S.K.: 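Would you mind keeping the following structure in view while I ask a few things?
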Amino acid sequence: MLREHRFATHPVERPLLKHRDRPCGSARFTVRQIYGPLDWQVEHCIRAIVNGVAISPADLGEHLFSERGMVKVELASENARSSYEFDIAIPAEHDLNGMDRALREVLEAGKVNAATISEFFEHTRMFPSANEYADAIADYLYWFAGRHAHIDQATIDRHREKLKRASAVLRDFNRPVALTICSLISFYFNHFEDAARRAPHQLLGNLSTRMADSAAARTAPRPKAAVRGELSTLERALIDRRTADIIRLLCLPMTEQTTADLVEFTCAEADFYDTCKITLFTAEHHLASGDPRATQVLHSAGRIGLPERWVNARLDLITE
């Protein structure tokens with residue numbers, strides 16, 4: 001009873017370490033980019049130990065900013081302790097720039113395949129601190145190459161896993177290559193809000209915002225103007241042909257004048273994620289322009305896996 005009373009009336013506040021305002025978990029955490037000592041924040045802490053050396057909690061951010069490699073942090077409050085492990089693996093700017101140049105060389109050659117990706121890997125030996133960054137770019141390139149080839153389903157599934165790994169690594173880098181690839185990955189997986197947030201250029205950002213608003217189903221669709229803007233040189237080089245065709249479609253005005261363009265559109269070998277984008281846009285376009293084919297498209301949307309909540313909300317609009 002005394003123990004229960006003590007914890008009920010005087011709850012234990014565990015010491016907490018945050019990296020860029022996000023609480024660090026108990027699993028080992030890889031830090032790929034640090035902008036300054038203020039990236040680290042500590043709460044409810046009176047003692048700190050870094051790799052066996054006691055330091056003031058107030059100095060922890062400054063200390064971690066200068067650390068590299070494997071780092072163990074132990075924090076203590078009056079009645080609790082917390083432990084963290086970090087791999088602070090921050091590539092040298094020279095190595096990151098070198099990998100970006102190597103990628104441009106592959107893209108400018110105009111052919112991305114297993115051979116050119118292997119050549120790209122050869123460059124990683126010259127820039128050792130950026131190996132993880134290079135691996136993530138290569139993961140994207142393998143998926144990109146697969147979009148231009150006839151491959152089996154098992155390979156397609158492996159390439160999608162590569163996309164997820166690439167995004168997990170590159171989202172830590174505030175660089176044009178990383179931002180472009182991350183926004184394209186989010187767009188492919190139909191994570192439109194994330195794609196809009198990460199897109200470094202206007203067209204893909206505006207288009208992703210249009211698609212996110214359509215998927216939210218807040219109000220009845222109305223005729224909309226075309227999405228304006230240009231893809232950057234880097235975006236054009238990193239967008240596969242299938243996605244490029246879909247982007248051109250999704251940028252069309254939502255008006256009667258473009259219904260024929262929409263109905264005639266075909267996308268060879270469209271996969272689940274492609275089909276969801278096309279179906280979402282087609283339904284919204286037909287609703288906005290008053291086309292009765294909206295009902296048929298919405299029923300097909302439910303069959304291919306678009307959210308039931310969104311389908312029902314759109315069908316309710318037609319009923320009303």
Side-chain angles (χ1 to χ4, degrees), residues 1-97 99 127-137 139 161 164-179 181-183 185-186 191 193-198 200:
M1 291 294 293
L2 178 61
R3 178 183 176 86
E4 291 179 4
H5 170 77
R6 185 169 65 247
F7 279 94
T9 57
H10 306 287
V12 174
E13 292 184 309
R14 297 185 64 82
L16 178 65
L17 181 60
K18 295 182 178 180
H19 179 253
R20 301 177 69 183
D21 295 320
R22 295 175 62 185
C24 301
S26 57
R28 182 179 296 172
F29 177 56
T30 300
V31 180
R32 301 181 181 93
Q33 193 162 19
I34 297 180
Y35 296 101
L38 296 180
D39 280 2
W40 303 94
Q41 304 93 35
V42 65
E43 297 177 3
H44 316 308
C45 178
I46 60 173
R47 291 185 298 278
I49 299 174
V50 179
N51 285 345
V53 179
I55 65 168
S56 166
D59 297 332
L60 185 61
E62 191 74 44
H63 195 91
L64 291 175
F65 177 62
S66 62
E67 286 281 351
R68 295 294 182 271
M70 300 304 302
V71 180
K72 183 174 182 179
V73 178
E74 298 171 84
L75 304 181
S77 63
E78 288 288 354
N79 299 302
R81 294 177 178 274
S82 298
S83 296
Y84 305 92
E85 284 191 1
F86 303 102
D87 181 7
I88 303 182
I90 302 174
E93 189 69 16
H94 169 267
D95 287 357
L96 291 171
N97 291 336
M99 293 317 309
F127 309 107
S129 73
N131 280 348
E132 192 176 30
Y133 179 75
D135 288 347
I137 293 173
D139 280 340
E161 290 304 311
K164 294 173 184 177
R165 289 201 304 269
S167 181
V169 172
L170 294 176
R171 64 181 50 241
D172 288 337
F173 294 92
N174 187 26
R175 303 176 63 83
V177 166
L179 289 170
I181 291 177
C182 281
S183 64
I185 292 173
S186 293
H191 301 156
E193 290 184 358
D194 191 61
R197 185 169 57 252
R198 296 183 182 279

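Remember, it's a predicted structure, so these values are computed and weren't measured experimentally.
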S.K.: Rounded at 0.5 Å granularity, tell me how far CZ in Arg47 sits from OG in Ser77.
M.R.: 8.0 Å

S.K.: Determine whether Val169 and Asp135 satisfy the following criterion, side-chain contact (heavy atoms from CB on, under 4.5 Å), listing intermediate values before the conclusion.
M.R.: CA-CA 9 Å; Val169 172; Asp135 288 347; over 6 Å; no

S.K.: How many angstroms lie between CG in Leu17 and NE2 in His44, if you round to the nearest 0.5 Å?
M.R.: 12.5 Å

S.K.: Answer yes or no: is there a donor N or O on one side and an acceptor on the other, between the side chain of Asp95 and the main chain of Ser129, under 3.5 Å?
M.R.: yes

S.K.: Go through the steps for Arg198 and Leu170 under the test side-chain contact (heavy atoms from CB on, under 4.5 Å), then give the verdict.
M.R.: CA-CA 11 Å; Arg198 296 183 182 279; Leu170 294 176; over 6 Å; no

S.K.: Could you tell me the separation between the CD1 atom of Ile55 and the CD atom of Glu62, rounded to the nearest 0.5 Å?
M.R.: 10.0 Å

S.K.: Would you compute the distance between atom CD1 of Ile181 and atom CZ of Arg175 and round it to the nearest 0.5 angstrom?
M.R.: 11.5 Å

S.K.: Counting only heavy atoms not in Gln41 (residues, nucleotides, ligands), do more than 12 fall under 6.0 Å from its CD?
M.R.: yes

S.K.: The criterion is ring pair (Phe, Tyr, Trp, His ring centres under 6.0 Å); which residues satisfy it with Tyr84, sequence neighbours excluded?
M.R.: none

S.K.: Find out whether Thr30 and Phe86 are in side-chain contact, i.e. whether some heavy atom of one side chain is under 4.5 Å from a heavy atom of the other.
M.R.: no

S.K.: Please work out whether the ring planes of His19 and Trp40 are parallel, tilted or perpendicular, with thresholds of 30° and 60°.
M.R.: tilted

S.K.: Does atom CD of Glu78 have more than 12 heavy-atom neighbours, drawn from other residues, nucleotides or ligands, at distances under 6.0 Å?
M.R.: no

S.K.: Answer yes or no: does atom CZ of Arg81 have more than 12 heavy-atom neighbours from other residues, nucleotides or ligands under 6.0 Å?
M.R.: no

S.K.: List the atom of Cys182, the atom of Ser167, and the distance in Å for their closest heavy-atom pair.
M.R.: SG-O, 4.0 Å

S.K.: I'd like to check Arg171 versus Asp194 (side-chain heavy atoms, cut-off strictly below 4.5 Å). Are they in contact?
M.R.: yes

S.K.: Search all heavy atoms of Val42 against all heavy atoms of Pro57 and return the closest pair with its distance.
M.R.: CG1-O, 3.8 Å

S.K.: Determine whether Ser82 and Arg14 satisfy the following criterion, side-chain contact (heavy atoms from CB on, under 4.5 Å), listing intermediate values before the conclusion.
M.R.: CA-CA 7 Å; Ser82 298; Arg14 297 185 64 82; 3.7 Å; yes

S.K.: Hey, are Lys18 and Asp21 close enough for a salt bridge, meaning a charged N less than 4.0 Å from a carboxylate O?
M.R.: no

S.K.: OH of Tyr133 to CG of Asp172: how many Å apart, nearest 0.5 Å?
M.R.: 12.0 Å

S.K.: For residues Val31 and Asp39, determine if any side-chain heavy atom of one lies less than 4.5 Å from a side-chain heavy atom of the other.
M.R.: no

S.K.: Check step by step if side-chain contact (heavy atoms from CB on, under 4.5 Å) holds for Met99 and Val177.
M.R.: CA-CA 10 Å; Met99 293 317 309; Val177 166; over 6 Å; no

S.K.: To the nearest 0.5 angstrom, please state how far the NZ atom of Lys164 sits from the CG atom of Asp139.
M.R.: 13.0 Å

